[in-house]
**Q** 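I'd like to ask you about the structure that follows.
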Amino acid sequence: MANRGNFSGRIGFILAAAGSAVGLGNIWRFPYLAGENGGAIFLLVYLCCIFLLCYPVMVGEIAIGRSAASDAFGSYSKLGGRKWGYLGLFGIIAGVLILSFYNVVAGWAFGYFLHISFGDLLSEQNFGTFFGTYVNDIIDLSSLGGLANSNLLFSLVFMVLTAVIVSQGIQKGIEASNKIMMPSLYIILVGIIVYSLTLPNAFSGVKFYLIPEFSELKIQTVVDGLKQAFFSLSLGMGALITYGSYLSKKENITSSAAVISIADTSVAFFAGLMVFPLVHFLAYKLNINPQEIGTSGPPLIFVVLPQIFHEMGPILGRIIGGSFFLLVCFAALTSTISLLEVPVAYLVDQKKMKRTTVVWLIALIIFVCGLPSMMSMGMIEWLNKLSFYRGQDFLTFIADMSDICLTVGGCLMCIFIGRRWGMANMDAELTHGNDRYMASGVRSYLHLTIKWIAPILLGFLSIVIIVEKFFGIENLF
Ligand code: PHE
């Protein structure tokens, strides 16, 4: 086990785990969910979910990995017996599912980055129509927006980038790339926010985002907030078990997890602070009510934002728009790396295969698994309207299944810690690197949450999502 690889220290681990957490979930999904769920009230619910529920789950997950020093399957089997190993396997499969569709969306963002920076996407007349054509023609190599439009190619390049980094190993690949991409991401984000706050009507967007309207609070808001918090922190599928397994016993897990949660939450928060002023600026420019701008759903960053960059004029639009999509690519890449590492670690640890071989093999398999998602945006009719899934497309289906896997995985993980591995073993692991842990209030809080609150709430949430998704009871409450 000596040559599994390890992070060089606390900073390397924190940046890599924060990189896994910060992703499309923060920049692509969080703002539109906030927009759909009343802005500030959603933010408030989300913060409660992160700190009351997700933080303890994150600590538990890292502790499992570091204690066993193995991949997700190996960790559960080592600490709880072979049967529990299947829970690790379930997480690994969830990771493969997530990466298959995640890489497709990352490919769109990568293409938008190229089209805006070097092509003439911003001179489009109708961004909605453009996006529809763009995601539909996956292998159209003819010129669209001045550049070849091939989602197949873009997402292939994205997967290759991910594989190149992961094949370099923990320190030289994962840690080194995160050390560059994460700080750059923050700088770009802050830069765009500062600029967007100078635009006319920006503060009306800030108000919508920051002043809660309590009458908007619904159970659906809580369900969406919890689901999003879980996805955003990369919990429930073994990514943090795997990263934790490369962490030295000298490091303090409870404080590292706090920094990771804050880093992730701040990016989601800032992404909202970037998007809402922009949306309100657009409303001002078009002389319409901000509510009339469809901020709901995935098209937010691919349709509404490009229109805003267009309004900024050809040069500024290209700079701000290009930087924005570069930011999205960095965020996505630091997450795809962690998603690929989960199955890779499994095969390297359990089957003793060579890292490079495994990386390319799995990257290829996952890329192929992503093809149906890619073709489900209009190219293939039946994939676009799944008959067994209420006429929704395949990409949405896989994304929804991943949400279910994560909450079910997280619920079972808490049951594993509380009832099988034991709270005492978790405590012993958390004492390494933190001598004061046993007497701290954090300990009682972790016990209460991991043993009781989290498994009950996550179990309930999983049932709600399954009923909601499969039986078509949208907005169950
Ligand atoms: N946390 C990532 C995001 O917010 C997605 C992710 C989920 C990554 C699970 C790894 C594991 O985009």
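Predicted model, so just to flag it, every value in this text is computed and none were measured. Order of appearance sets the numbers: ligands from 1, and atoms from 1 within every ligand.
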**Q** Closest by any non-hydrogen atom to atom 3 (C) of ligand 1: pick that one out of A17, A21, S234, C405.
**A** A21

**Q** Can you sort out which atoms of ligand 1 are near M237, meaning under 4.0 Å from one of its heavy atoms?
**A** 11 (C)

**Q** Do the rings of F113 and F110 sit parallel, tilted or perpendicular, given the 30° and 60° boundaries?
**A** parallel

**Q** Looking only at N/O atoms, are L24 and ligand 1 under 3.5 Å apart anywhere?
**A** yes

**Q** Quick one: which of L339, I98, V342 has a heavy atom closest to atom 11 (C) of ligand 1?
**A** L339

**Q** Need the ligand 1 atom indices (1-based, order shown) with element for anything under 4.0 Å from a heavy-atom of G25.
**A** 3 (C), 4 (O), 12 (O)

**Q** We want to know whether T254 and N252 form a side-chain donor-acceptor pair, criterion being a heavy-atom distance below 3.5 angstrom.
**A** yes

**Q** Closest heavy-atom contact between G85 and F73?
**A** O-CD1, 3.1 Å

**Q** Find all atoms of ligand 1 within a distance of less than 4.0 Å from any non-hydrogen atom belonging to S20, and give their numbers and elements.
**A** 1 (N), 2 (C), 8 (C), 10 (C)

**Q** Could you tell me, atom by atom, which parts of ligand 1 come under 4.0 Å of a heavy atom of S232?
**A** 1 (N), 4 (O)

**Q** Please name the pair of heavy atoms, one in N37 and one in I41, separated by the smallest distance, quoted to 0.1 Å.
**A** O-CG2, 3.3 Å

**Q** With heavy atoms of S338 as the reference, note each atom of ligand 1 found under 4.0 Å away.
**A** 10 (C)

**Q** Please work out which of F230, F231, Y102 has its closest non-hydrogen atom nearest to atom 7 (C) of ligand 1.
**A** F231

**Q** Under a plain distance cut-off of 3.5 Å, with no hydrogens placed, do R4 and S245 share a side-chain donor-acceptor pair?
**A** yes

**Q** Just so I know, are the side chains of K451 and H447 near enough to count as touching, which here means a heavy-atom distance under 4.5 Å?
**A** no

**Q** Is the NZ or CZ atom of R419 positioned over W84's six-membered ring, under 6.0 angstrom from the centre and within 45° of the axis?
**A** no

